[in-house]
Amino acid sequence: MTFDFDAVIDRRGTGSNKWTRYPADVLPMWVADTDFAVAPAIVDALRKRAAHPVFGYAVAQDALRAQIVTELRTRFDWVISPADIVLLPGVEPGFNMAMKAFLNPGDSIAVQTPIYRPILRAPGHWGLKRRDIRLDPNASGEWAIDLAQFDAQMSGARAFLLCNPHNPSGKVYTREELLGIADICAKRDALIISDEIHGDLVFDGRTHTPIASLSHEIARRTITLMAASKTYNIAGLKTAFAVITDPDIRARFEANRLGMVDSVNLFGLVATEAALAGGAEWRDAQLAYLQANRDVLVDTIRMTMPGITLHAPQATFLAWLDCSALELGEEPQAFFLREAKVALSAGSEFHETETQDFVRLNFGCTRATLLQGLDRMRQSLKRR
């Protein structure tokens with residue numbers, strides 16, 4: 001089967017957050033969803049379910065849990081049981097539940113910055129002290145971790161909130177890095193909360209490794225958060241899941257829904273099962289298209305906008321652009337919105353003080369849209 005990721009789909013008037021926030025003359029390349037039609041298997045499953053006229057409260061069926069178990073074993077060599085799975089309406093509710101369940105006001109939780117805004121802000125919801133562990137690229141563009149420094153920075157932290165693959169850098173953590181992180185968290189008796197929502201979108205033949213898959217001991221102190229939403233462009237259906245192998249931690253996690261984290265969307269459950277059961281061919285085709293988009297993006301910026309530094313993302317459909325050398329005199333997000341009519345995510349959303357000169361660009365779009373956005377940006381810089 002072939003899939004047309006070059007097809008232009010008009011999303012205006014559909015309630016799309018991405019395409020509604022800005023005026024019609026602005027090209028939106030900000031929020032992390034893609035502009036691609038979802039896999040046919042998902043559409044077929046949703047149509048079939050919609051043919052039944054009752055849409056009441058839903059619970060995950062055994063078939064979905066079994067499909068998740070199969071998916072994790074097949075793709076990541078991670079063996080879990082259906083009982084380890086907690087269905088959620090999103091990854092963000094999941095890491096907030098974990099913070100509320102296992103940390104007390106005044107406790108410290110470490111995050112690696114820059115980091116996307118829901119993680120950046122989450123510790124403040126629960127009166128926690130956020131400990132920023134800065135992630136920087138080296139000369140070759142690798143976002144390597146100094147484990148000795150990480151160990152020192154984790155001193156006194158009750159938990160570490162990992163984002164792998166990392167948003168916004170696109171870093172994929174190596175097995176060796178994850179083992180080092182896990183050893184340090186064990187030594188510090190720190191809980192690991194791992195956001196792995198982009199784990200399927202890994203480029204250049206790399207392999208995503210769930211940190212909890214490394215050993216039973218690591219899994220017992222880890223809450224892993226996953227979803228089909230980014231991979232299959234079904235974020236609006238509000239479905240995710242946690243994998244928690246320790247029954248006591250799982251029970252404590254579940255107890256902290258606290259009337260805020262409700263049951264999961266009926267159609268999200270159907271779409272997730274259909275995606276995992278029948279979407280592999282579409283997923284792989286999309287990944288190839290996204291990798292080609294990534295390459296076009298990197299080459300175009302390096303050849304035509306040398307004032308912007310971009311290290312090729314190893315995963316996701318998001319690129320982290322350093323615009324500091326442009327010396328714009330204002331945040332680059334504001335400049336490109338006004339002068340290029342391109343909407344990007346502002347760097348200040350990823351850290352309050354350290355990332356003002358950055359923007360995040362979403363290349364999960366048609367090649368034509370990507371090239372149009374890049375040309376608008378190039379022309380705006382040329383007019384300065």
Side-chain angles (χ1 to χ4, degrees), residues 58-95 97-98 101-102 159-165 172-175 177-179 181-183 185-186 190-202 206-232 234 238-257 261 263-264 268-280 283 315:
V59 295
Q61 300 297 298
D62 291 343
L64 172 57
R65 293 181 182 276
Q67 193 62 55
I68 292 171
V69 169
T70 298
E71 181 80 358
L72 298 185
R73 183 181 65 249
T74 302
R75 288 188 61 72
F76 308 125
D77 195 26
W78 186 17
V79 178
I80 67 166
S81 73
D84 297 333
I85 300 165
V86 179
L87 273 297
L88 298 165
V91 163
E92 183 178 353
F95 57 68
M97 279 174 61
F102 296 98
F160 174 53
L161 179 45
L162 172 66
C163 182
N164 178 32
V172 175
Y173 289 75
T174 67
R175 183 181 183 87
E177 287 174 327
L178 293 171
L179 284 168
I181 287 169
D183 286 346
C185 288
L191 178 73
I192 301 171
I193 306 166
S194 189
D195 174 350
E196 304 187 12
I197 197 170
H198 285 104
D200 283 319
L201 300 174
V202 176
R206 292 181 176 85
T207 301
H208 171 70
T209 301
I211 192 169
S213 71
L214 295 172
S215 74
H216 293 298
E217 292 72 22
I218 296 169
R220 282 200 291 266
R221 66 169 59 250
T222 302
I223 295 170
T224 304
L225 301 166
M226 295 177 151
S229 56
K230 299 299 183 186
T231 305
Y232 294 96
I234 54 173
K238 295 296 182 182
T239 301
F241 58 92
V243 179
I244 309 173
T245 60
D246 183 276
D248 293 334
I249 290 180
R250 189 167 61 249
R252 188 168 169 183
F253 177 81
E254 286 262 38
N256 277 270
R257 293 180 182 271
V261 180
S263 58
V264 180
L269 295 171
V270 171
T272 298
E273 183 179 346
L276 300 184
R283 178 199 65 216

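Any value given below was found using the heavy atoms of this structure, including those in side chains, with hydrogens, waters and symmetry copies removed.
- The shortest heavy-atom contact between Ala63 and Glu273 is CB-OE2, 3.3 Å.
- For the pair Cys163 and Tyr173, the tightest heavy-atom approach, listed with the atom from each and the gap, is O-CE1, 3.4 Å.
- The shortest heavy-atom contact between Met97 and Glu254 is CE-CA, 4.4 Å.
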Side chain to side chain contact (heavy atoms under 4.5 Å, CB included) between Ile181 and Ile211, intermediate numbers included:
CA-CA 9 Å; Ile181 287 169; Ile211 192 169; 4.2 Å; yes

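- Rounded to the nearest 0.5 Å, atoms CZ (Arg73) and OG (Ser213) are 14.0 Å apart.
- Remark: Leu276 CG to Thr70 OG1 distance equals 9.5 Å, nearest 0.5 Å.
- In terms of the salt bridge (Lys or Arg N to Asp or Glu O under 4.0 Å) criterion, residue partners of Asp200 (sequence neighbours excluded) are, by chain and number, Arg75.
- Atom CD of Glu217 is separated from atom CG of Asp183 by 10.5 Å, given to the nearest 0.5 angstrom.
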Walk me through it: do Val202 and Thr207 pass the test side chain to side chain contact (heavy atoms under 4.5 Å, CB included)?
CA-CA 7 Å; Val202 176; Thr207 301; over 6 Å; no

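- Rounding to the nearest 0.5 angstrom, the gap separating the OG1 atom in Thr74 from the CD atom in Gln67 is 8.5 Å.
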Show the numbers, then the answer: is there a side chain to side chain contact (heavy atoms under 4.5 Å, CB included) between Phe241 and Thr224?
CA-CA 8 Å; Phe241 58 92; Thr224 304; over 6 Å; no

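- Proximity of a side-chain donor or acceptor of Asp62 to a complementary backbone N or O of Leu64 within less than 3.5 Å is not detected.
- With a 4.5 Å cut-off on side-chain heavy atoms, Ile223 and Leu191 count as touching.
- Under the 4.5 Å side-chain criterion, counting only non-hydrogen atoms from C-beta, Ser215 is not in contact with Arg220.
- Put simply, the side chain of Glu177 gets close to the backbone of Thr174: a donor and an acceptor are under 3.5 Å apart.
- Ala219 and Ala212 get closest at one heavy-atom pair: CB-O, 3.4 Å.
- Residues meeting the salt bridge (Lys or Arg N to Asp or Glu O under 4.0 Å) test with Arg252, sequence neighbours left out: none.
- Residues Leu214 and Leu178 have side chains in contact (heavy-atom distance under 4.5 Å, counting atoms from C-beta outward).
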Donor-acceptor pairs under 3.5 angstrom involving side-chain atoms of residues 79-95: please list them, not counting sequence neighbours.
unit_1: Ser81; atom_1: OG; unit_2: Asp84; atom_2: OD1; d: 3.3
unit_1: Ser81; atom_1: OG; unit_2: Asp84; atom_2: OD2; d: 3.2
unit_1: Asp84; atom_1: OD1; unit_2: Arg250; atom_2: NH1; d: 3.4
unit_1: Asp84; atom_1: OD2; unit_2: Ser81; atom_2: N; d: 2.9

The test is side chain to side chain contact (heavy atoms under 4.5 Å, CB included); show your working for Phe76 and Met226 and say whether it passes.
CA-CA 13 Å; Phe76 308 125; Met226 295 177 151; 4.3 Å; yes

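- Nearest heavy atom pair, residue Tyr232 against residue Ala280, reads OH-N, 4.3 Å.
- With rounding to the nearest 0.5 angstrom, the CZ atom of Arg175 is 6.0 Å from the OG1 atom of Thr209.
- Under a cut-off of 6.0 angstrom, the local environment of CD in Gln61 is sparse, with at most 12 non-hydrogen atoms contributed by other residues, nucleotides or ligands.
- Interatomic distance, Arg221 CZ to Phe102 CZ, rounded to the nearest 0.5 Å: 12.0 Å.
- Within the 3.5 Å criterion, the main-chain N or O of Ala60 finds no donor-acceptor partner in the side chain of Arg65.
- The closest donor-acceptor contact from the side chain of Asn164 to the backbone of Glu196 lies at 3.5 Å or more, if one exists at all.
- Although no hydrogens or angles enter the test, the distance criterion places no donor-acceptor pair under 3.5 Å between the side chain of Thr231 and the main chain of Ala228.
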